[in-house]
Amino acid sequence: VTETLLKVQEIDCQIREKEQMARDIPARKKEEEVRLQKHREALAAAEEFLKKKQSQIKQLELEGEARRQRINKLRTQQFEIKTNEEFKALNSEIAGVQAEISGLEDKELSLMEEQDAARAETLMKKAALGEEEAAVRRDCSTWDEKIAVIQNELQALRATREAAASGVDRTWLNTYSTIFARRDRALVPVEEGVCGGCHMTLPRYLVHDARSHTKMVKCDYCGRLLY
Ligand SMILES: [Zn+2]
């Protein structure tokens with residue numbers, strides 16, 4: 001019984017390990033997706049910033065245009081002016097508006113530099129996202145392949161387990177399964193009077209019973225089956 005049960009346990013350990021691997025993969029895929037999302041957000045923020053610069057420039061151009069129209073109007077007015085004083089007054093108003101225009105143009109120039117930098121930043125972020133997407137696609141397809149392999153292995157292992165377990169007494173198997181569900185192993189050796197599961201020193205009668213292989217012997221401390 002012990003030998004068959006040990007064989008079952010060995011397979012169960014492999015099954016458990018593979019099931020864990022299969023469970024880990026979706027979590028890792030999700031992590032990749034989160035990383036990708038961060039890249040997308042970074043790109044969106046860069047594009048937003050670029051748009052803001054573009055609209056600021058447009059706003060300045062509109063303001064400049066309004067002032068140029070104002071100057072045209074003032075020049076037209078000058079034709080209808082009678083006195084020298086009034087003419088001079090309009091001239092200085094025009095000069096004032098022109099000063100505003102060149103102020104706006106300076107501002108626009110520096111905004112254009114910011115716009116160029118923002119555009120370069122956007123392109124960089126876009127390239128980074130593209131690389132990341134390709135990497136994630138590669139990783140995901142590798143994982144999909146891996147998971148398919150694991151599923152096949154699990155199927156084979158379960159069949160082998162079924163065959164091995166069919167040779168074990170039901171009561172033993174049920175007890176074993178209940179313990180295995182909660183522990184790393186359900187069946188552990190007694191080594192020099194110590195439980196191979198929890199490493200506690202066992203009473204002599206338990207060691208004796210475990211050696212005899214005639215009945216189920218459980219460790220008093222951890223409840224694992226002893227052999
Ligand atoms: Zn124990």
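Counting starts at 1 for both ligands and their atoms, in listed order. These numbers were taken from a predicted model, which means no experiment stands behind them.
Within the protein, the N, O or S atoms sitting under 2.8 Å from the Zn ion (ligand 1) are C195 SG, C198 SG, C219 SG, C222 SG.
The nearest pair of heavy atoms linking I179 to R185 is CG2-O, 4.5 Å.
Q20 has its side chain out of reach of R16: every pair of non-hydrogen atoms, C-beta onward, lies at least 4.5 Å apart.
Q56 and K53 share a side-chain donor-acceptor pair at under 3.5 Å. When only modelled atom types and interatomic distance are considered, E86 and T83 share a side-chain donor-acceptor pair under 3.5 Å.
Formation of a donor-acceptor pair under 3.5 Å by the R224 side chain with backbone atoms of G196 is not found in this model.
For the atom pair OG1 (T2) and CG (L226), the distance works out to 10.5 Å, reported to the nearest 0.5 Å.
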